[in-house]
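What follows is a set of notes on a single structure, which appears directly below.
For the numbers below, each heavy atom of this structure counts, side chains included, while hydrogens, waters and symmetry mates do not.
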Amino acid sequence: QVQLVESGGGLVQAGGSLRLSCAASGGGFRFNAMGWYRQAPGKQRELVARISIGGSTNYADSVKGRFTISRDNAKNMVYLQMNSLKPEDTAIYYCTLAPGKYWGQGTQVTVSS
């Protein structure tokens, strides 16, 4: 019954910012860690950021200092604030609950040079 729906992707110039949102339904949100993964053409899906039940976070080295993951348990929402975007950030970004167990459909992020 879990459903995850991402939004906020789009086209942005290098150096710009986007905020991705993920709305979770079906229960259990506050009892699970959440995460964001991305998949670029020809590459495997990779972890971008993770946030625990208690709010601790971890990030891929490639996005540290630029991206911030957060969650709002009252709204069953998780966010990914992306700043100083680079062309190599171009990918489909996926929200995941209990990372790896449930997935959203993805949202496209394209960063132009």
Side-chain angles (χ1 to χ4, degrees):
Q1 298 297 320
V2 172
Q3 185 176 16
L4 304 170
V5 180
E6 302 97 332
S7 62
L11 175 65
V12 65
Q13 290 185 316
S17 297
L18 286 173
R19 190 177 81 149
L20 306 183
S21 299
C22 175
S25 62
F29 178 84
R30 71 185 185 95
F31 300 109
N32 288 279
M34 299 290 296
W36 288 94
Y37 282 67
R38 67 187 181 188
Q39 188 166 24
K43 298 182 67 177
Q44 292 189 336
R45 192 173 298 187
E46 64 177 355
L47 175 69
V48 176
R50 182 183 183 275
I51 185 165
S52 74
I53 296 168
S56 63
T57 59
N58 59 272
Y59 299 90
D61 288 343
S62 59
V63 308
K64 285 182 179 177
R66 300 189 298 121
F67 291 10
T68 303
I69 188 171
S70 61
R71 65 191 295 163
D72 185 338
N73 289 341
K75 297 181 179 180
N76 289 352
M77 297 285 291
V78 62
Y79 307 96
L80 186 69
Q81 178 66 46
M82 305 186 294
N83 298 325
S84 301
L85 283 161
K86 304 174 181 180
E88 49 263 46
D89 295 318
T90 295
I92 300 173
Y93 284 71
Y94 297 90
C95 177
T96 180
L97 183 152
K101 186 174 183 179
Y102 300 100
W103 297 94
Q105 82 290 341
T107 185
Q108 177 71 48
V109 172
T110 303
V111 184
S112 62
S113 61

*How many angstroms lie between atom CZ of Arg71 and atom SG of Cys22, to the nearest 0.5 angstrom?*
10.5 Å

*Which pair of non-hydrogen atoms, one from Gly35 and one from Pro99, has the smallest distance, and what is that distance?*
N-CG, 4.1 Å

*Would Met34 and Leu4 satisfy side chain to side chain contact (heavy atoms under 4.5 Å, CB included), going step by step from the backbone distance to the final call?*
CA-CA 11 Å; Met34 299 290 296; Leu4 304 170; 4.3 Å; yes

*Under a single-linkage definition using a 4.5 Å side-chain heavy-atom cutoff for Ile, Leu, Val, Met, Phe, Trp and Tyr, are Ile92 and Val78 assigned to the same hydrophobic cluster?*
no

*Is the Phe67 ring parallel, tilted or perpendicular to the Tyr93 ring (thresholds 30°, 60°)?*
tilted

*Got a second to check how far Leu18's CG is from Thr107's OG1, nearest 0.5 Å?*
9.0 Å

*Do Leu97 and Tyr79 belong to the same hydrophobic cluster, where Ile, Leu, Val, Met, Phe, Trp and Tyr are linked whenever their side-chain heavy atoms lie under 4.5 Å apart, directly or via other members?*
no

*Does one hydrophobic cluster hold both Phe29 and Met77, with members joined at side-chain heavy-atom distances below 4.5 Å?*
no

*Out of curiosity, does Leu20 fall in the hydrophobic cluster containing Tyr94 (side-chain heavy atoms, cut-off under 4.5 Å, transitive links)?*
no

*Once you round to the nearest 0.5 Å, how far does OG of Ser56 lie from CZ of Arg50?*
7.0 Å

*Show your reasoning for whether side chain to side chain contact (heavy atoms under 4.5 Å, CB included) applies to Ser21 and Lys75.*
CA-CA 11 Å; Ser21 299; Lys75 297 181 179 180; over 6 Å; no

*Can you name the nearest heavy-atom pair linking Ala33 to Ser52, along with the distance?*
CB-CA, 4.1 Å

*Look at the side chain of Glu6 and the backbone N and O of Gln105, then say whether any donor-acceptor pair between them is shorter than 3.5 Å.*
yes

*asked:* Donor-acceptor pair, distance only, cut-off 3.5 Å: does the side chain of Thr90 make one with the backbone of Val111?
replied: yes

_Distance in Å, Ser17 OG paired with Met82 CE, rounded so as to fall on 0.5 Å steps_ = 8.5 Å

*Got a salt bridge between Asp89 and Lys86, using NZ or NE/NH1/NH2 to carboxylate O under 4.0 Å?*
no

*Beyond-backbone contact of Arg38 with Leu80, side-chain heavy atoms, under 4.5 angstrom*: no

_Would the distance check show the side chain of Arg66 and the main-chain N or O of Ser84 forming a donor-acceptor pair, the cut-off being under 3.5 Å?_
yes

*How about Asn32 and Tyr102: do any of their side-chain heavy atoms sit closer than 4.5 Å?*
no

*asked:* Within the 4.5 Å heavy-atom criterion, are Arg45 and Trp103 side-chain neighbours or not?
replied: yes

*Does one hydrophobic cluster hold both Ile69 and Tyr37, with members joined at side-chain heavy-atom distances below 4.5 Å?*
no

*asked:* Please check this pair: side chain of Gln81 against backbone of Arg19, looking for a donor-acceptor N/O pair closer than 3.5 Å.
replied: no

*Is it true that atom CD of Gln44 has more than 12 heavy atoms of other residues, nucleotides or ligands lying nearer than 6.0 Å?*
no

*asked:* What I'd like to find out is whether the side chain of Thr68 reaches to under 4.5 Å of the side chain of Tyr59, using heavy atoms alone.
replied: yes

